[in-house]
Structures are given as C-alpha cells and as structure tokens.
Amino acid sequence: MKIIIFGSTGSIGQSTLSLIRILKNTQKFEILALTGNDNIEQLCKDAIEFKVKRVVTANKNCIFQLKEKLSSYNVEIYAGEEAILDTARMGADWIISAIVGFAGVPPTIEAVKYCKIVAVANKESLVCAGKLLMDTANTYKSKLLPVDSEHNAIFQCVNSENPKTIKKVILTASGGPFRNFTLSEMSNVTVAQAMNHPTWSMGKRISIDSASMFNKALELIEAKYFFDLKSNQLEVVIHPESIIHSMVTFIDNSTLAQLCPNDMRNAIAHTLNYPERKKIPIKDLDLTSLKNLSFEEVDEKKFPSINLARIILKTKGSLGVVFNAAKEIALDRFISNDIKFLDMSNLVEKVLQLPEMSEYECTLLYSIDEIISLNNRVRQISQQIRI
Ligand code: NAD
Ligand code: MG
C-alpha cells in the first residue's frame, strides 16, 4: 500500500507512524512522502526510518537544514506550499491529511484528485471547503474517510444504513480543562492551563480549541458536510470520560454509539484498514473499571463558540471560511497574550457581524483560489479588530 502523510511531525502524523511501525510486520506499506513544517529533526528521523521517497517542509527557510541532514540518503527534498500540493499529485492508495489549520485545506482538495483514499484529520478542510471537497471527491472517485474521532464514530454507526433514516447525530465532547470552572474563573486562564486537556493528548492548537469548545464548533460544521446533515440534526453533549466518541439516532429512535479507549490510532487504523478491520496495538476497553459513563448539557454561556457554530450551520454560503479564519487569528492572539481566553469568541462574533461578511451567508465559494483569498482577507481583518 502506497502512503503519503501530510503533517507527519504532528500529533496525528506521529500516531499514524506509530501504527505503521507495528502493522508493517504483517502488512506491506511504502511511504512515498512525509510533509512537515519546522520540526526538521523529526522529519529527517522518520524519513530515514521509513526510507521515504520524498520529504517536504512547508517552511522554505528550512530547506538547507533538511538537505544537509539528509545529504547521504537517496531522498527527494522540497520546500513550500506548492511542493506540498505537488506531493498530493504523486498519487497514493491512502493519504492522511493531518496538517493543522487552513494550511491543510488546499492540499486536501488536491489529494482527492490523485489519491484513492483520503483520511481527513484536517477538519478545517470541511469547515472551509466542505461542499467543494465532497463534490471533488465524488468527481474523482476518491473515498473520503473521517479521522476525527467523533466523525469516525458517526461513520462507523451509520455504516450501511440508509442516510435518509438518520434522525440526529450527537457529538460527544470532553468539556476540556474548564468544564468545572465558573465563567469568572475562565476569564483569566493561561495558555498553559488551556493546553492541559483532561482526556486527549493532541497538538497545541486543537488542545486550546478544545478548552474553548471551538474544536467542537468546527466539528459540528465538519459533520454537516461529511454526512450531509441539517442544523437541527446536530447536537453536542458533554461526556467527560471520552469513551463514547459520538452517537447516531435513527428515525425509529434506535441510538448507536461507538466506544473505544481514547487513542487516535483507533480512528486512523479504521481508515487505513477500511473496509476491513485489523488487530491494532491499543488497550482494551474496560467498562467495569470505568464504572460510569456520564453526560451533561453544554453551558453555552461558558462556551459561546457552540452558538456561533449554529449560526454557520444554518447558512448555505462560505461563512465557515470566515468563522475559521477569525478563530485561527483569535487563537494566535490568545497564545501571544494579546487577548484573553474568553475574548476569542468575542473576536469571532465581531468578525461574523461585520456588514461585509453577511454576503457569505448565501454566497458559496466554489474554487480553492476564492476560498484562499477570503481566508487571507478575514485573517487580516481579525488581526486589526480591537477587543
Ligand atoms: P499538530 O500541531 O500536532 O501537527 C500539525 C502538523 O501540521 C505538523 O506536522 C506541522 O509540521 C504541520 N504544519 C503546521 N503548520 C503548517 C503549515 N503552515 N503548512 C504545512 N504544514 C504545517 O496538530 P495535530 O494535533 O496533529 O492536528 C492536525 C489536524 O488534525 C488538525 O486539523 C486537528 O484539528 C486535526 N485533529 C487532530 C486530532 C488529535 O488528536 N491531535 C484529533 C482530531 C482531529
Ligand atoms: Mg474530534
């Protein structure tokens, strides 16, 4: 099986390699390419271990370092955004889109044109280009499989059911590190506190997005496009144990759930082995030691991001691009101590309310260049918004 890993140095990328390291004893894999950004050390280590054909860093300033470290190996070395797009064009049996943020969107669109299976971890691809991505996959007969644990769970629950019989989808959320904080306690939290996720080990940005529940907000929009759902078919429930990864209720009121220990290698392996299932090296689910699976309503005063997502869900245009770009800048500004934790949702709300954004409630951008240009414009605007 020929494989490409976009974002191999990140949390999902490393989980993928950890899985392949074990599965390669019984299955044949050929890793065609790995892509990363600044972590050249990790990129080189993995390129050598897995004897990859090509390595790419998104950061052009790192090319000399990359070339120097790999000078005695027979490997193609490239840098820059265009080189990542070109890597998708190598074609593969399975590619995982695990770049963080909007940077992952154009490569995912390109991947569906050239690769048989595209495992999508980069939720921004569906938030910003959901319709374009699903349609392109359809046109090029590429299979999109969700890696996000909630969406992978939904995918497994829906399985061969008739999509028309889905009544609603219930996404679970851990509630993050501030689930038991009061609103006033949340007003002064630090970046380190926000990164301290109680149940999952993930990259820095998605960890903070989980603390603000912007991650769940993005996932609601992701689910809308992945499963072609209406806004009133999407719900979120807090489930602090993170064992049920999501649920689907059908029109006969049967609800199916997918349960698994919280290890992303489960969802990654599901897409890698699809449509088969294979034994993978993660721990067993031990329900008796867990004792409780609990559920709570989301407090939307503490987590206004969920309500903001509902605005996007009700629209047909490209407001998802606006939402994501404003959120990415809000996150940057929180990380650099420019704004407070709760101001991230204030900033996103302010951007969504700008008169010039109302156009995107109905206007659906259907080319990647238009999507990139709106993303850039909203990022610029969001930098300048005063809080
Ligand atoms: P991460 O920060 O750990 O890794 C991100 C990867 O993207 C790295 O390889 C990095 O080098 C690369 N990258 C960063 N900026 C880039 C740029 N401008 N151009 C090209 N590459 C760039 O992130 P992660 O936690 O692995 O998450 C990756 C994606 O998967 C995100 O979209 C996230 O929302 C999604 N996701 C992650 C998890 C998880 O458990 N970590 C779960 C579900 C979904
Ligand atoms: Mg998730």
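Ligands are counted one by one from 1 in listed order, and the atoms in each one are counted from 1 as well. We count residues from 1, following the sequence as given.
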Pairwise side-chain contact, Thr108 with Phe6, heavy-atom cut-off 4.5 Å (strictly under)
no
Could you pull out the N/O contacts under 3.5 angstrom between ligand 1 and the surrounding protein atoms?
| unit_1 | atom_1 | unit_2 | atom_2 | d |
| --- | --- | --- | --- | --- |
| ligand 1 | 3 (O) | Ser11 | N | 2.8 |
| ligand 1 | 7 (O) | Val100 | N | 3.3 |
| ligand 1 | 9 (O) | Gly7 | O | 3.2 |
| ligand 1 | 9 (O) | Thr9 | N | 3.3 |
| ligand 1 | 9 (O) | Thr9 | OG1 | 2.7 |
| ligand 1 | 9 (O) | Gly10 | N | 3.1 |
| ligand 1 | 11 (O) | Thr9 | OG1 | 3.1 |
| ligand 1 | 11 (O) | Asn37 | N | 3.0 |
| ligand 1 | 25 (O) | Gly203 | N | 3.0 |
| ligand 1 | 26 (O) | Ser11 | N | 3.1 |
| ligand 1 | 26 (O) | Ile12 | N | 2.9 |
| ligand 1 | 30 (O) | Ala121 | O | 3.4 |
| ligand 1 | 32 (O) | Glu124 | OE1 | 2.9 |
| ligand 1 | 41 (N) | Ser11 | OG | 3.3 |

Using a strict cut-off of less than 4.0 Å between a Lys/Arg side-chain nitrogen and an Asp/Glu carboxylate oxygen, indicate whether Lys2 and Asp93 qualify as a salt bridge.
no
Listing residue and atom name, which protein N/O/S atoms are closer to the Mg ion (ligand 2) than 2.8 Å?
Asp148 OD1, Glu150 OE1, Glu219 OE2
Output yes when Arg205 and Asp209 qualify as a salt bridge under the 4.0 Å nitrogen-oxygen rule, no when they do not.
no
The criterion is salt bridge (Lys or Arg N to Asp or Glu O under 4.0 Å); which residues satisfy it with Lys278, sequence neighbours excluded?
Glu276
Do Asp135 and Asn138 have a side chain donor and acceptor closer than 3.5 Å?
no
Distance (rounded to the nearest 0.5 Å) between Gln14 CD and Leu19 CG
12.5 Å
With a 4.5 Å heavy-atom cut-off, do Arg179 and Ser174 have their side chains touching?
no
side-chain hydrogen bond (donor to acceptor under 3.5 Å, both in side chains) involving Thr9 - partner list, sequence neighbours excluded:
none
Output yes when Glu361 and Lys314 qualify as a salt bridge under the 4.0 Å nitrogen-oxygen rule, no when they do not.
no
